[in-house]
*Asks:* 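Before we start, here is the structure in question, set down as structure tokens.
Treat the numbers as computed from the prediction; the structure is a model and nothing was measured. Just the heavy atoms: all of them, side chains too, but no hydrogens, waters or symmetry mates, feed the values below.
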Amino acid sequence: MPDLPTLPAAPIPAPDRIPSLDILRGVAVLGSTGSIGTSTLKVADDLPDRLRIVGMAAGGNSELLLEQTLKYQPAAISITDPAKANELQT
């Protein structure tokens, strides 16, 4: 078996160059009405000083997407079904 080349170790950034964890980050949640999406929103609920929901997309559950939109007030939402998109606009 041939020897594999050894890659150099990545440099460790200086402490003042490491991104701060206390910065508010905007998050877009794709599939916000599904199980992973709703879990992600629960995490955002637990970290309101770190995460802000700025966008959400859903497949077809317009009722839950509407509830989420009213709660999180994202800048943009999307839903797959054009008819349901029209319902949400009214």
*Asks:* Locate the shortest heavy-atom distance separating Arg52 from Gln73; write the atom from each residue and the value.
*Replies:*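 Minimum heavy-atom separation between Arg52 and Gln73: NH2-O, 3.7 Å.
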*Asks:* Give the cluster check for Leu88 versus Leu64: same hydrophobic cluster or not, with ILVMFWY residues linked at side-chain heavy-atom distances below 4.5 Å.
*Replies:*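 No.
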*Asks:* Measuring from Ile23:CD1 to Arg25:CZ, what's the distance to the nearest 0.5 Å?
*Replies:*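 If we round to the nearest 0.5 Å, Ile23:CD1 and Arg25:CZ are 5.0 Å apart.
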*Asks:* Are Pro74 and Val54 packed together at the side-chain level, in the sense that at least one heavy-atom pair is separated by less than 4.5 angstrom?
*Replies:*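 A side-chain contact under 4.5 Å is absent here.
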*Asks:* Mind checking the OG1-CG spacing from Thr40 to Asp45? Nearest 0.5 Å is all I need.
*Replies:*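 Going from OG1 on Thr40 over to CG on Asp45, the span is 11.0 Å.
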*Asks:* Distance from Asp49 atom CG to Leu24 atom CG, nearest 0.5 Å?
*Replies:*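 Between Asp49 CG and Leu24 CG, I get 8.0 Å after rounding to 0.5 Å.
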*Asks:* Using only atom types and a distance under 3.5 Å, with no angle test, would you say the side chain of Ser32 pairs donor to acceptor with the backbone of Val29?
*Replies:*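 Side chain of Ser32 to backbone of Val29: no pair is present.
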*Asks:* Distance from Asn61 atom CG to Thr80 atom OG1, nearest 0.5 Å?
*Replies:*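 Here the interatomic distance stands at 11.5 Å.
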*Asks:* Rounded to the nearest 0.5 Å, what's the gap from CD1 on Ile53 to OG1 on Thr69? Could you check?
*Replies:*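 Ile53 CD1 to Thr69 OG1: 11.0 Å, rounded to 0.5 Å.
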*Asks:* For a quick test of reading the model, state the closest non-hydrogen atom pair linking Ala83 to Asp81 and the distance between them.
*Replies:*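 Closest pair (atom of Ala83, atom of Asp81, distance): N-OD1, 2.9 Å.
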*Asks:* Is there side-chain contact between Ser62 and Glu87, with heavy atoms separated by less than 4.5 Å?
*Replies:*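 The answer is yes; the side chains approach within 4.5 Å.
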*Asks:* Going only through I, L, V, M, F, W and Y residues with side-chain contacts under 4.5 Å, is there a path from Tyr72 to Val43?
*Replies:*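 The answer is yes; both residues are in one hydrophobic cluster.
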*Asks:* Answer with yes or no whether the hydrophobic clustering places Leu47 together with Leu41; edges join I, L, V, M, F, W, Y residues whose side-chain heavy atoms lie under 4.5 Å apart.
*Replies:*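 Per the 4.5 Å side-chain linkage, Leu47 and Leu41 are co-clustered.
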*Asks:* Side chains of Glu63 and Thr33: closer than 4.5 Å at any heavy-atom pair?
*Replies:*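 In short, these two side chains do not touch, never coming nearer than 4.5 Å.
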*Asks:* Linking I/L/V/M/F/W/Y whenever any side-chain heavy atoms sit under 4.5 Å apart, do Ile77 and Leu66 land together?
*Replies:*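 In one cluster: yes.
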*Asks:* Can you tell me how far CD of Gln89 sits from NZ of Lys84, rounded to the nearest 0.5 angstrom?
*Replies:*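 One gets 15.0 Å once the value is rounded to the nearest 0.5 Å.
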